[in-house]
Amino acid sequence: MSSVRFNALKETVNRKPIEIFETERKSEIFGRNVFNEHAMRQYMTKEAYESVMNAIEFGTKIDRKIANQVAAAMKDWALSKNATHYTHWFQPLTGATAEKHDAFFETLGNGSAMEKFGGGELVQQEPDASSFPHGGIRNTFEARGYTAWDPTSPAFIYGTTLCIPTIFVAYTGEALDNKAPLLRALQAVDHAATAVCKYFDKNVSKVNASLGWEQEYFLIDSALAISRPDIYLTGRTLLGHSPAKGQQLDDHYFGSIPNRAMSYMRDLEQESMLLGIPVKTRHNEVAPNQYELAPIYEEANLAVDHNSLLMDVMEKLAGKHGFRVLFHEKPFAGINGSGKHNNWSLATNTGVNLLSPGKTPMKNLQFLTFFVNTIKAVHDYEELIRASVASASNDHRLGANEAPPAIISIFIGSQLSAVLDELENVTKGKLSPQEKTDLKLNIVGKIPEILLDNTDRNRTSPFAFTGNKFEFRAVGSWANCAGPMTTLNTIIAKQLKDFKIEVDELIASKSLKKDEAIFNVLREYIKASKKIRFEGNGYGVEWEKEADKRGLSNNKTTPEALKAKVSKKSIALFEEMNVMSRVEIEARHEIKLEEYMLRIQIEGRVLGDIARNHVIPTAVKYQNTLIENVSGLKNIFGDEFKKLGKEQIDLIKKISSHIEGINSKVEEMTDQRRKANKLKGQESADAYCNKVKPYFDEIRYHCDKLEMMVDDELWPLAKYRELLFTR
Ligand code: ADP
Ligand code: MG
């Protein structure tokens, strides 16, 4: 083993888990560093408190006088917790979070100073932040960017900084971030769903989308990761021979959590608790050194913020524990990748989960309404749903060699399939009394209240109904949930809006009763959306053929998938629902394409570097040893050396051919990169995808072969077995 690797391994093995002291109950520390309702009540006037609560619930504006009061209260609270700085915390289009800290501290001019924070600083800031991607929105100098307070996500203290969640918009009004469109989508779905709820319950005045994400990740020792420029710079391994033992034995999944990982998780959970992130579940995942963490679900905007915050906390804490956390969707070839299932549902302010079957036929009709509309929406916009999770890294999970196809389909389970099949046969128009009774008692009435046990069996579906929610499983572990949540809630809003119009028309023009009209429309939806439903093995090749016959899209790569974002249909959708303007959509599309191109470009460069600067020199060194050996044999044994040194001579030749392979392929790849760099937008992304990326596997092939030939003593890069099995 090379000394670099040996020392790294020694460091890894000798690391002790950090001791974590949990002296208080979770329920006691939960939300301690959050300016939540409890803290607001304590620090704010009644007037200010009510004003903020109204803003949260109904989106009402907060006037300047109140904003000053809120700011003063926030400052007092933050200072009581030893905060020294504040920041507008926002989510630019990089997908990560951004912050620029300012001290509360101000000088007063007479040599003294005090802590200050007013309504002005709370409500709006101009961080400039002109280096974030904006897709052309800020090309004119007037288009300054500013951040504006989002009162629906509470401020929190992280470290010694008061963080105020904000949206990030251009002076011209266009959103420059992920949060603003999400908030608009959530408002759209609220309006549309509330209107539909009125058919069933007049008391409903608000519908919240909820989100419960499940974050998968790998923990790799940082000393080992350091020897791998690919892990450091791209978040994944670009080469590495598969180890003799991988995940064949399934012995990691739900196994006992290794001590160091456990200590990391406990630390992370404490920090999450303080920040009000309700993390609940932790376990080992399928791959070695892979784990999962899931919270209790929350209102979608808050859940999205919490996931972004958590990912940030995870990276920071990993350093403290001697780990590097990998969010990449496929850090290791041949080993399971990571996803981030987005569990989604809709809930009313009267406390009803609209995707949970109820006790009465009426409740079940409401459930069916939202259930069928969701299926219809995903059916109509399947390409857009696929586009919403497209990224260079997630391409490894969708549509790649070892991955399931990139086809969007919905799994609902056999019981609900049977219900929908029966509903398909409902008579058109008016129903006879017999039929009504039959429907209510025998079809709708028979939807079991608890579906949970029967629905969660198919783990291969990208979009599965799991008893009381849909689980959008195609979301990548590295993704910001805002993108997929914006798309999903927008298409649902549009669908529910159309549904309401159709039902109302039937009631008015054909004088159908409300239930009859609902059944009629649902029946048509069930028929129209049949092709999106698939109960079989979503990972099989047969499904690809079948889906093709059905006319479902199968966009395997990001450049291909992203096209749906800027289609006429997509622009019409987002504009109609007031979620994004054409300019905002096109800007995001441009940014996504560019990000794709840059990520592949970086991977190509890193791979080229490692292959030439690490792999080839090592191979040459070993080859020299072999050559010395052979010439020594020749000196001693004369012509007999050919027989005695046969293996070595073969190896020398093989090494040469792999070195040659690497050199020529790296050269060709570099050439293609140069060409791709001259192109722009779609063409550049296409070139990186189809002309540059295919070299990765070829170069890797030669490198991995050399890894198996070269003396272990010389190999400088941490091997798969070391990265995956040390803890
Ligand atoms: P798994 O998918 O691993 O079997 P569960 O189905 O128990 O796990 O739950 C996964 C996630 O679903 C959790 O984050 C949970 O909070 C979330 N969840 C449960 N109910 C809902 C709901 N009504 N809306 C959104 N998310 C939910
Ligand atoms: Mg799940």
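Counting convention: from 1, in listed order, for ligands and their atoms alike. These numbers come from a predicted model, not from an experiment.
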**Request:** Could you check whether the rings of Phe371 and Phe465 sit parallel, tilted or perpendicular, using 30° and 60° as the cut-offs?
**Result:**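 If you compare the ring of Phe371 with that of Phe465, the planes turn out perpendicular.
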
**Asked** According to the interplanar angle, ranging from 0 to 90°, do the rings of Tyr264 and His321 count as parallel (below 30°), tilted (30 to 60°) or perpendicular (above 60°)?
**Response**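 Correct class here is perpendicular.
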
**Prompt:** Under a 4.0 Å N-O cut-off, is there an ion pair linking Glu22 with Lys26?
**Reply:** yes

**Item:** More than 12 heavy atoms from other groups under 6.0 Å of NZ on Lys330
**Value:**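 Count over threshold, so yes.
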
**Request:** For His38, look at atom NE2 and say whether over 12 heavy atoms of other residues, nucleotides or ligands are found less than 6.0 Å away.
**Result:**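 Not buried by this count: 12 neighbours or fewer within 6.0 Å.
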
**Request:** Number the atoms of ligand 1 from 1 as they appear, then name those within less than 4.0 Å of a heavy atom of Ser345, with their elements.
**Result:**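 That gives atoms 22 (C), 23 (N), 24 (N), 25 (C) of ligand 1.
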
**Leu354, Asn208, Asn343, Asn353: member with heavy atom nearest to atom 12 (O) of ligand 1** =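 Among Leu354, Asn208, Asn343, Asn353, the closest heavy atom to atom 12 (O) of ligand 1 comes from Asn343.
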
**Asked** Which of the listed options, Gly212, Ser356, Pro295, holds the heavy atom that is closest to atom 13 (C) of ligand 1?
**Response**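 Nearest option to atom 13 (C) of ligand 1, by heavy atoms: Pro295.
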
**Prompt:** Do ligand 1 and Arg459 have nitrogen or oxygen atoms that lie under 3.5 Å from each other?
**Reply:**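 The answer is no, given that Arg459 and ligand 1 share no N or O pair closer than 3.5 Å.
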
Taking non-hydrogen atoms only, is [X] closer than 4.0 angstrom to ligand 1 via side chain, backbone, both or neither?
{"X": "Glu214", "result": "side chain"}
{"X": "Ile296", "result": "backbone"}
{"X": "Leu355", "result": "neither"}

**Asked** Is the NZ or CZ atom of Arg260 both under 6.0 Å from the centre of the six-membered ring of Phe323 and within 45° of that ring's axis?
**Response** yes

**Item:** ligand 1 contact by Thr466, heavy-atom criterion under 4.0 angstrom
**Value:**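 Per 4.0 Å heavy-atom rule, Thr466 does not contact ligand 1.
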
**Prompt:** Does Glu471 have a heavy atom less than 4.0 Å from any atom of ligand 1?
**Reply:** yes

**Request:** From the options Thr166, Val304, Asp305, select the one residue that forms a side chain to side chain contact (heavy atoms under 4.5 Å, CB included) with Lys179.
**Result:**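 When Thr166, Val304, Asp305 are each tested with Lys179, the side chain to side chain contact (heavy atoms under 4.5 Å, CB included) holds only for Asp305.
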
